[in-house]
Number of protein chains: 2
Amino acid sequence: MIGRTHHCGEIRNEHVGDRVQLKGWVQKRRDLGQVIFLDVRDRSGIVQVVFSPEVNKSALEAADRVRNEYVIEVEGEVVLRDPKTVNDKLATGEIEIHASNITILNVSKPVPFQIEADTDASEDVRLKYRYLDLRRPDMQETFKLRHRTTKIIRDFLDEQTFMEIETPMLTKSTPEGARDYLVPSRVHHGEFYALPQSPQLFKQLLMVSGFERYYQIVRCFRDEDLRADRQPEFTQVDIETSFMDKEDLLAMTENMMAKILKETKGVELSLPLPRLTYDEAMNRFGSDKPDLRFGMELIELSEVVKDTEFKVFQSALASGGIVKGLNLKGGADKLSRKEIDALTDFVKQYGAKGLAWLKVEEDGLKGPIAKFFEGDQEAALLEALGAEAGDLLFFGADKSQVVFDSLGALRLKFGKQFDLIDTSQFNFLWVVDFPLVEYDEDAKRYVALHHPFTSPKKEDIELLATDPGSVRADAYDLVLNGYELGGGSQRIYQRNIQEQMFKALGFSEEEAREQFGFLLDAFEFGTPPHGGIALGLDRMIMLLAGRTNLRDTIAFPKTASASCLLTNAPGGVSVEQLIDLNLSIIGKKADKVNV
Amino acid sequence: MIGRTHHCGEIRNEHVGDRVQLKGWVQKRRDLGQVIFLDVRDRSGIVQVVFSPEVNKSALEAADRVRNEYVIEVEGEVVLRDPKTVNDKLATGEIEIHASNITILNVSKPVPFQIEADTDASEDVRLKYRYLDLRRPDMQETFKLRHRTTKIIRDFLDEQTFMEIETPMLTKSTPEGARDYLVPSRVHHGEFYALPQSPQLFKQLLMVSGFERYYQIVRCFRDEDLRADRQPEFTQVDIETSFMDKEDLLAMTENMMAKILKETKGVELSLPLPRLTYDEAMNRFGSDKPDLRFGMELIELSEVVKDTEFKVFQSALASGGIVKGLNLKGGADKLSRKEIDALTDFVKQYGAKGLAWLKVEEDGLKGPIAKFFEGDQEAALLEALGAEAGDLLFFGADKSQVVFDSLGALRLKFGKQFDLIDTSQFNFLWVVDFPLVEYDEDAKRYVALHHPFTSPKKEDIELLATDPGSVRADAYDLVLNGYELGGGSQRIYQRNIQEQMFKALGFSEEEAREQFGFLLDAFEFGTPPHGGIALGLDRMIMLLAGRTNLRDTIAFPKTASASCLLTNAPGGVSVEQLIDLNLSIIGKKADKVNV
């Protein structure tokens with residue numbers, strides 16, 4: 001039996017002359033008749049192993065039976081390669097192992113795709129053979145990055161005297177928020193647990209318990225229809241603190257992110273991070289998670305265009321809406337008339353009724369609405385938009401939210417389409433001063449933008465009774481490269497403010513009790529001022545790894561239909577299991593329930 | 001507003017003369033008329049704060065409004081106490097704070113039980129007000145211990161190049177093993193996910209993926225009827241390695257435990273840990289998790305008693321059973337005849353038909369079966385049992401398992417009852433060489449004692465085809481103070497051995513595929529030799545904390561009926577939620593499903 005003295009990827013010139021023992025997988029086999037080369041891979045990397053009759057004949061014969069992805073152990077001497085055969089692409093490329101001994105530990109069928117950084121296998125095939133996909137070096141690197149990031153976070157929070165405390169997975173379903181995953185109880189007839197959407201209530205209870213600094217890297221669940229960057233189960237870095245004000249919490253979070261960036265990417269983050277208020281982010285970028293890696297801000301034009309005769313602008317302004325513009329610098333030549341027209345369909349997804357536009361040419365404005373801008377109006381418009389010949393201008397005129405959404409999306413689309421984004425950047429900012437509540441047209445009442453325990457800003461508390469819609473929350477989102485990396489808030493801890501909040505949300509005392517009774521009870525026994533934040537770990541890793549697919553950061557992810565292509569979960573269960581749970585399936589015959 | 005310069009429990013003589021700012025809860029308030037004393041508590045401990053008219057009159061007036069568990073911030077000067085009022089029980093007992101300023105941050109209703117280390121509150125009340133129970137200093141200490149232990153484990157495994165990798169919570173139900181918690185799918189009609197009983201299959205897949213060293217501190221779920229030391233959700237330290245043999249894995253685990261013991265308890269563990277084979281553990285202690293903190297071993301008597309005329313012994317031996325004895329040293333005076341008779345009921349729980357016993361007196365054996373032992377037989381018996389006058393002897397005669405179970409339980413009962421256990425010890429051992437399979441009388445076939453991927457010991461592989469019941473597994477349990485702290489094994493990684501194993505378990509190829517298809521597929525693509533272990537974290541903390549109730553180590557535990565008394569989970573869900581999931585509840589009217 002052969003032991004293991006080294007890992008494959010770690011052998012260097014300094015080991016020349018050493019006898020080494022390695023274990024790993026056969027990445028590639030080249031048979032040159034009298035000599036066989038095996039590239040042997042373990043999680044540290046790859047090294048070339050040479051079998052020849054001069055060194056050991058029986059080892060050469062054994063190597064002849066080896067195929068790709070066989071598991072082997074080999075023993076041999078580290079030898080400097082002939083300068084002509086040095087491989088610059090391998091960290092071990094200056095040496096090779098002259099093998100005197102090999103044992104085949106296990107065989108492998110031919111793999112459905114090559115174990116290499118780049119693969120052209122479809123994602124479905126990769127997910128079905130996830131155990132092979134995870135062998136690919138870029139996936140190995142991603143999970144090393146995930147491990148290291150997690151460790152850095154844990155070390156940082158431990159140094160800051162945070163305690164890791166686990167909260168339950170089998171919890172109670174609450175009607176507010178996203179859809180819960182439910183877990184039927186066998187013991188309590190017709191009752192269900194819910195998997196947590198976040199440990200929000202428990203972490204606040206831990207503050208009532210006096211733990212002062214809690215953290216957990218914790219699985220959360222949402223039974224929502226999935227988008228590209230959502231998974232039914234996801235991991236969040238969950239933090240809650242007592243007696244720490246917003247400024248301290250933000251500074252601590254920034255320090256944690258700076259440490260992560262430095263240790264994983266070698267990037268020095270400049271602190272403090274910039275901040276935008278929610279209003280500013282929406283007005284300038286049309287988004288509460290603006291991507292600041294490029295400019296092309298939304299320009300306020302309501303004042304500039306207020307006297308034009310273009311009806312669309314006039315009616316928007318008359319009904320309390322706004323007009324904003326976007327200047328695609330040098331865009332006049334970049335988009336055809338047909339492409340510009342297609343953008344109308346694009347903005348309609350965001351509720352816009354249309355998309356007005358203008359080309360700036362040497363001899364003035366061109367386009368369907370050019371006639372409305374002449375003389376002073378034209379000059380004022382060009383000045384406001386910083387426009388010059390060759391630019392292409394777009395306009396949004398509607399309720400402010402529609403203008404933000406449609407022009408914000410258009411800005412991002414252009415940023416990507418015209419390569420305006422410096423993808424080497426890690427661009428962080430805080431968005432602060434979110435609205436506390438928003439009006440729900442369906443429910444005909446205000447609903448909490450975050451959750452009903454988010455504290456209003458001190459200076460806005462009085463407005464809670466008179467004008468809830470204008471109250472700003474003591475809430476903050478951390479944004480990275482246009483993604484919401486996390487969000488947090490100071491919490492309400494005083495009973496009278498909590499009562500005002502429930503009143504503003506239209507909850508009766510009974511309704512509040514029914515939904516949040518145990519938390520309200522807890523709040524009566526000496527609740528400290530507290531606040532916290534939660535960061536999406538999967539997304540953080542995705543952005544650190546420079547990837548765009550959240551599934552590449554999760555070892556065993558689900559598809560968009562919440563299936564696991566590897567295990568075929570979910571699946572049928574036995575009738576006995578259903579009877580144990582007192583459940584029957586609507587619209588499906590019992591005999592179709594597979595065991 | 002008052003800041004925070006110190007934590008309450010950290011102030012010492014060296015701070016005398018300093019002005020300090022503290023935040024915390026009022027542990028106790030004593031009003032001596034002109035002077036008010038507040039014991040102020042935060043998570044670091046307690047300090048005495050004094051309010052007097054000499055120092056600050058308005059602070060005194062404010063302190064007058066304070067009650068127990070109010071949240072306050074105070075400012076004052078650290079002053080040496082009068083030697084007569086020094087409190088030895090407090091770490092801060094030599095000083096006190098003369099307060100010049102106080103702010104009441106929040107009020108509290110009177111608490112249902114005192115926030116003190118010892119409480120006489122019932123466990124139900126403690127669980128209902130868990131957020132207050134967790135304030136008690138012994139609970140705070142337990143969760144600090146849990147945090148520290150977890151951190152030590154993570155640091156240790158990180159140093160050993162283990163990678164923390166997360167596995168899914170929404171997985172596929174497998175029919176083997178304990179009962180799964182199921183999660184209905186909304187998207188896939190009539191299908192279910194299962195919450196994992198352990199990440200066993202996924203961690204083996206990660207070895208196929210070449211990660212080589214995986215760990216996770218992970219929540220697991222079992223929908224079983226609960227005993228005192230079981231919870232529906234529990235946390236396990238889950239480890240899997242490739243290319244590491246059993247000896248390396250055991251040594252590494254021992255080193256990890258030694259580090260935990262040293263850093264949390266200051267205890268030096270003597271390594272390597274002792275080992276017992278399963279057979280030896282059963283024969284000597286009647287348990288596969290023997291408590292070695294005391295002796296009183298089970299003594300083999302089959303040979304000694306083979307010629308007695310006592311029918312119970314004879315028929316046990318004749319039908320292939322065994323006879324064993326237990327010597328309760330000096331027990332003759334400790335148990336009344338009535339108490340001895342009651343022990344018969346005790347052993348009947350373990351399948352014994354009765355409990356024979358003998359008292360050793362100066363003039364010979366006394367008791368119902370004394371007449372069967374005379375002369376040489378008496379002498380041989382006394383010698384075998386090391387018995388002398390004053391001892392009380394008990395006998396088990398039955399199938400070996402019944403004898404092990406009943407005398408093993410009796411041994412533990414006596415150990416506790418007569419205070420034979422040195423509770424200051426942390427007594428670790430490995431139990432090794434478990435049987436690979438056991439015969440299931442109901443299923444009329446062999447079932448895996450651990451799981452069907454546990455490797456047989458190399459030297460026993462040939463027996464797999466001919467005599468599966470005698471094959472020993474390459475499996476190992478770590479036992480601490482009579483509790484199974486964890487268990488692991490080397491896994492089967494070769495296809496032909498896996499096929500033999502399934503055959504021994506009576507699985508057809510189709511059945512094996514149906515249950516474990518994706519793992520068997522994975523095993524065809526270059527599976528490395530691998531093995532791993534899982535340790536129960538909740539139980540580890542319980543034993544380190546010197547506690548006996550597993551619930552005291554879990555922040556928000558469930559009761560024996562799997563309920564949460566704090567949140568009232570599980571609970572009813574809305575009809576809409578059920579319809580979304582295509583489920584109806586058997587035997588419960590729709591209108592009784594509460595929203």
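Chain A is the first sequence line, chain B the second, and so forth, proteins listed ahead of strands; every chain is numbered from 1. Heavy-atom basis, side chains included; hydrogens, waters and symmetry copies ignored.
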- Task: Under 4.5 Å heavy-atom distance to chain A, tell me which part of B:L537 shows up: side chain, backbone, both or neither.
- Result: side chain
- For residues A:F192 and B:L578, determine if any side-chain heavy atom of one lies less than 4.5 Å from a side-chain heavy atom of the other. yes
- Test log, rule side chain to side chain contact (heavy atoms under 4.5 Å, CB included), inputs B:T171 and A:T567: CA-CA 8 Å; B:T171 69; A:T567 62; 5.9 Å; no
- Task: Using a cut-off of under 4.5 Å on heavy-atom pairs, state which of A:N68, A:I554, A:L132 scores highest against chain B.
- Result: A:L132
- So, the part of B:Y129 with a heavy atom under 4.5 Å from chain A: the answer is side chain
- Message: Among B:L201, B:I72, B:T167, B:I579, which residue has the highest count of heavy-atom pairs closer than 4.5 Å to chain A?
- Response: B:T167
- Note on the structure: The residue among B:I115, B:N106, B:V111 that forms side chain to side chain contact (heavy atoms under 4.5 Å, CB included) with A:F525 is B:V111
- Message: Please report the interatomic distance CG(A:D158) to OG1(B:T150), rounded to the nearest 0.5 Å.
- Response: 10.5 Å
- Atom group of B:L581 that falls short of 4.5 Å from chain A, counting heavy atoms: side chain
- Query: Contact part of A:R213 toward chain B, heavy-atom cut-off under 4.5 Å: side chain, backbone, both or neither?
  - Reply: both
- Query: Under 3.5 Å, is there a donor-acceptor pair linking the side chains of B:T161 and A:R43?
  - Reply: yes
- Highest number of heavy-atom pairs under 4.5 Å with chain A: which of B:Y181, B:W25, B:F143? B:W25
- Just give me the residue among A:E69, A:R67, A:K109 that pairs up with chain B most often, heavy atom to heavy atom, under 4.5 Å. A:K109
- For B:P168, is it the side chain, the backbone, both or neither that has a heavy atom under 4.5 Å from a heavy atom of chain A? both
- Item | Interface moiety of B:P110 toward chain A, non-hydrogen atoms closer than 4.5 Å | backbone
- Using a strict 4.0 Å threshold on nitrogen-to-oxygen distance, state whether B:E212 and A:K23 make a salt bridge. no
- Of all of B:G3, B:S209, B:A522, which one pairs up most often with chain A through heavy atoms under 4.5 Å apart? B:S209
- What residue, out of A:L566, A:L205, A:L182, has the most heavy-atom pairs lying under 4.5 Å from chain B? A:L182
- Side chain, backbone, both or neither: which part of A:E224 has a heavy atom under 4.5 Å from chain B? backbone
- Item | Carboxylate-amine/guanidinium contact A:R186 B:D225, below 4.0 Å | yes
- Task: Tell me, for B:V208 versus chain A, whether the close heavy atoms (under 4.5 Å) come from the side chain, the backbone, both or neither.
- Result: both
- Sorted by chain and residue number, the side-chain contact (heavy atoms from CB on, under 4.5 Å) partners of A:D248 (sequence neighbours excluded) come out as A:M244, A:D245
- For chain B, the option from A:D133, A:I217, A:D223 that forms the most heavy-atom pairs under 4.5 Å: A:D223
- Item | Aromatic ring pairing B:F556/A:F202, orientation class (parallel under 30°, perpendicular over 60°, tilted between) | tilted
- Heavy-atom closest pair (A:L170 atom, B:P232 atom, distance to 0.1 Å) is CD1-CB, 4.2 Å
- Task: Indicate the atoms forming the closest heavy-atom contact of A:Y193 with B:P570, along with that distance.
- Result: CE2-CD, 3.5 Å
- chain B heavy atoms under 4.5 Å from A:T527: which part of the residue, side chain, backbone, both or neither? both
- Message: Give me the atom names and distance for the closest heavy-atom approach of A:E166 to B:T235.
- Response: OE1-OG1, 2.7 Å
- A:H188 versus chain B, heavy atoms under 4.5 Å apart: side chain, backbone, both or neither? side chain
- Given side chains that start at C-beta, do those of B:V183 and A:L195 come closer than 4.5 Å, heavy atoms only? yes
- Would you call B:E164 and A:R154 a salt bridge, using N to O less than 4.0 angstrom? yes
- Message: So for A:P529, is it side chain, backbone, both, or neither that comes closer than 4.5 Å to the heavy atoms of chain B?
- Response: side chain
- Query: Judged by atom type as modelled, is there a donor-acceptor pair below 3.5 Å linking the side chain of B:H189 to the main-chain atoms of A:I586?
  - Reply: yes
- Item | A:Y131 and B:F518: CA distance, side-chain angles, deciding distance, side chain to side chain contact (heavy atoms under 4.5 Å, CB included) verdict | CA-CA 10 Å; A:Y131 42 90; B:F518 62 94; 5.7 Å; no
- Message: Less than 4.5 Å apart, side chain to side chain, heavy atoms only: is that true for A:F243 and B:D42?
- Response: no
- Item | Best-contacting candidate, B:M139, B:M207, B:R179, B:R4, against chain A by heavy atom pairs under 4.5 angstrom | B:R179
- Query: Which answer fits B:K151, side chain, backbone, both or neither, if we ask what part of it has an atom under 4.5 Å from a heavy atom of chain A?
  - Reply: side chain
- Message: Report which part of B:N568 has an atom under 4.5 Å of a heavy atom belonging to chain A: side chain, backbone, both, or neither.
- Response: both
- Side chain, backbone, both or neither: which part of B:R41 has a heavy atom under 4.5 Å from chain A? neither
- Per-residue contact mode, B:Y70 against chain A (heavy atom under 4.5 angstrom): neither
- Message: Using the salt bridge (Lys or Arg N to Asp or Glu O under 4.0 Å) criterion, which residues pair with A:K128? Sequence neighbours excluded.
- Response: none
- Are side-chain N/O atoms of A:S108 and B:E524 paired as donor and acceptor at under 3.5 Å? no
- Minimal non-hydrogen separation, B:S561 against A:V187, with atom names: O-CG1, 4.1 Å
- Choice from B:A194, B:S563, B:A555, B:G24 maximising heavy atom contacts with chain A below 4.5 Å: B:S563
- Task: Find the one option among A:C564, A:A562, A:P557 whose heavy-atom pairs under 4.5 Å with chain B are most numerous.
- Result: A:A562
- NZ (B:K144) and CZ (A:F211) are apart, to the nearest 0.5 Å, by 8.5 Å
- Specify which of A:S584, A:A569, A:S242, A:P184 makes the most heavy-atom pairs with chain B at under 4.5 Å. A:S584
- Query: Under a 4.5 Å heavy-atom cut-off, does chain B meet the side chain of A:S185, its backbone, both or neither?
  - Reply: side chain
- Message: Restricting to non-hydrogen atoms, name the atom on B:V573 and the atom on A:S173 that form the minimum distance, rounded to 0.1 Å.
- Response: CG1-CB, 4.4 Å
- Task: Go through the steps for B:I165 and A:R146 under the test side chain to side chain contact (heavy atoms under 4.5 Å, CB included), then give the verdict.
- Result: CA-CA 8 Å; B:I165 303 177; A:R146 187 169 175 129; over 6 Å; no
- Message: Quick one, B:D155 with A:D155, criterion side chain to side chain contact (heavy atoms under 4.5 Å, CB included). Give me CA distance, side-chain angles, the key distance, then yes/no.
- Response: CA-CA 9 Å; B:D155 288 347; A:D155 288 346; 3.7 Å; yes
- Query: Rounded to the nearest 0.5 Å, what separation is found between the CE atom of B:M169 and the CZ atom of A:R219?
  - Reply: 4.5 Å
- Is there side-chain contact between A:R495 and B:V107, with heavy atoms separated by less than 4.5 Å? no
